[in-house]
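Notes for the one structure printed next.
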Amino acid sequence: GFSVDEDKLNVILEPGWNRLLLKINDIGGQWCFSARFSDYQGLPVSDLEYRPKALKVVSVPVKEATASSVEGGKASLSAAKVIDEDPSTRWSSAGKDPQWILLDLGASVQINRVVLTWETAYAQSYKIEVSNDKENWTEIYSTSSFEGGRDTVTLKEPKAARYVRLYCTKRANENWGYSLWEFQVFSPDTDSP
């Protein structure tokens with residue numbers, strides 16, 4: 001039978017919308033569930049908004065992805081792999097610094113968030129730049145101490161740009177190049193339910 005707080009699970013919520021999928025297996029009778037978020041002390045999480053229906057959060061469509069290099073010239077590791085919506089494919093660069101990967105959004109778009117999903121060969125130092133002409137670049141984010149995994153960069157104010165470039169300057173492991181599973185760009189229009 002149903003029992004409140006019977007199961008507990010630690011989760012990390014990221015800025016923006018997070019999806020919670022509950023799968024209920026009921027052998028007989030009526031089904032029910034409850035879910036709540038609390039902090040590590042069991043207190044309610046402040047400023048939490050929820051919508052009990054499916055959210056569709058999609059990234060800005062990307063016209064083309066290009067990169068400064070591709071490991072061994074392999075098509076299976078090309079820049080296009082970061083925009084193919086397949087989380088099992090990736091871009092991998094040559095093993096030297098610096099390297100970059102560039103997204104062409106096809107037209108100027110308001111950008112408010114960038115999500116980078118790194119493979120084990122990540123950049124310790126990198127910056128994200130935007131441009132409307134591929135000649136004049138504006139830095140919107142930089143780090144020199146990234147520790148790998150997924151990096152979500154949320155801008156305080158949306159920035160209009162057609163091109164978004166990830167410019168990597170220092171590899172976390174000098175035995176490899178840079179390797180990225182996904183490179184997603186969001187606008188205020190695609191970042192909401």
Side-chain angles (χ1 to χ4, degrees), residues 9 11-23 51 53-131 134 140-141 143 146-155 159 161-169 171-173 175-193:
L9 176 67
V11 297
I12 297 173
L13 299 177
E14 296 187 15
W17 288 102
N18 293 257
R19 291 183 182 169
L20 172 66
L21 173 64
L22 299 171
K23 293 185 178 183
R51 297 191 186 198
K53 62 181 181 178
L55 297 176
K56 185 171 184 180
V57 179
V58 295
S59 59
V60 172
V62 178
K63 180 180 176 184
E64 181 182 28
T66 55
S68 55
S69 70
V70 175
E71 179 188 337
K74 299 176 186 174
S76 62
L77 298 173
S78 72
K81 299 302 179 183
V82 299
I83 60 170
D84 65 2
E85 298 182 9
D86 182 347
S88 68
T89 62
R90 63 189 171 93
W91 163 66
S92 185
S93 78
K96 62 181 181 176
D97 297 322
Q99 299 290 331
W100 54 263
I101 184 166
L102 168 75
L103 302 184
D104 179 355
L105 307 178
S108 185
V109 174
Q110 289 290 323
I111 297 166
N112 70 337
R113 188 164 59 112
V114 175
V115 177
L116 303 170
T117 307
W118 291 94
E119 197 255 353
T120 307
Y122 62 91
Q124 179 181 328
S125 297
Y126 70 87
K127 59 186 173 180
I128 299 173
E129 302 171 308
V130 294
S131 174
K134 285 195 341 188
I140 60 171
Y141 175 78
T143 182
F146 183 61
E147 296 181 356
R150 184 175 179 190
D151 199 5
T152 300
V153 176
T154 304
L155 305 180
K159 186 77 174 168
R162 174 176 174 168
Y163 303 98
V164 182
R165 181 169 69 179
L166 171 64
Y167 194 86
C168 306
T169 55
R171 291 167 286 150
N173 184 325
N175 295 321
W176 303 325
Y178 298 98
S179 189
L180 196 63
W181 296 108
E182 299 287 327
F183 186 173
Q184 298 171 292
V185 176
F186 294 85
S187 75
D189 294 334
T190 61
D191 200 27
S192 60

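The structure displayed is predicted, hence computed values, not measured ones.
For Tyr167, there are no ring pair (Phe, Tyr, Trp, His ring centres under 6.0 Å) partners at least two apart in sequence or on another chain. Under the rule for a salt bridge (Lys or Arg N to Asp or Glu O under 4.0 Å), Asp86 has no partner lying at least two apart in sequence or in another chain. Here Lys159 pairs with Val130, Thr138, Ile140, Leu155 under the side chain to side chain contact (heavy atoms under 4.5 Å, CB included) rule; sequence neighbours left out. The salt bridge (Lys or Arg N to Asp or Glu O under 4.0 Å) check on Asp104 picks up Arg162, with sequence neighbours excluded. Scored by the side chain to side chain donor-acceptor pair (under 3.5 Å) test, Glu71 finds Ser92 as partners (sequence neighbours excluded). Take Thr154 and apply the side chain to side chain contact (heavy atoms under 4.5 Å, CB included) test, not counting sequence neighbours, and it matches Pro15, Arg113, Thr152.
Between Ser93 and Gln99, the shortest heavy-atom distance links the atoms OG-CG, 3.6 Å. The shortest heavy-atom contact between Ser187 and Val109 is CB-CG1, 3.9 Å. Scanning both residues, Val70 and Ala79, for their nearest heavy atoms gives CG2-N, 4.4 Å. Heavy atoms only, all atoms of each residue included: Pro87 and Trp181 are closest at O-CE3, 3.4 Å. In terms of heavy atoms, Phe183 sits closest to Leu116 at CD2-CD2, 3.5 Å. Closest heavy-atom contact between Ser179 and Arg90: OG-NH1, 2.7 Å.
In this structure the side chain of Asn112 reaches within 4.5 angstrom of the side chain of Phe186, judged on heavy atoms. Inter-residue side-chain proximity for Leu102 and Tyr163 is flagged as met; some heavy-atom pair is nearer than 4.5 Å. For the pair Asp97 and Arg171, the minimum side-chain heavy-atom distance is below 4.5 Å. Side-chain contact between Glu64 and Ile83 is absent, with no heavy-atom pair separated by less than 4.5 Å.
Judged purely by atom type and a 3.5 angstrom limit, Ser68 has no side-chain atom pairing as donor or acceptor with the backbone of Ile101.
Note: Tyr126 and Phe146 have perpendicular aromatic rings, judged against thresholds of 30 and 60 degrees for the angle between ring planes.
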Query raised in the report: How far apart are the C-alpha atoms of Leu103 and Val185, what are their side-chain angles, what is the distance that settles it, and do they pass the side-chain contact (heavy atoms from CB on, under 4.5 Å) test?
Result: CA-CA 9 Å; Leu103 302 184; Val185 176; 3.8 Å; yes
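Counting heavy-atom neighbours within 6.0 Å of Glu14 CD, excluding the residue itself, gives a total above 12.
With rounding to the nearest 0.5 angstrom, the CZ atom of Arg150 is 9.5 Å from the CD atom of Glu182. Note that the OG atom of Ser131 and the NZ atom of Lys134 stand 9.0 Å from one another [nearest 0.5 Å]. With values rounded to the nearest 0.5 angstrom, Glu129 atom CD is found 9.0 Å from Leu166 atom CG.
Remark: aromatic rings of Tyr178 and Tyr122 are distant, center separation not under 6.0 Å.
Between the side chains of Asp84 and Thr89, at least one donor-acceptor pair of N or O atoms lies under 3.5 Å.
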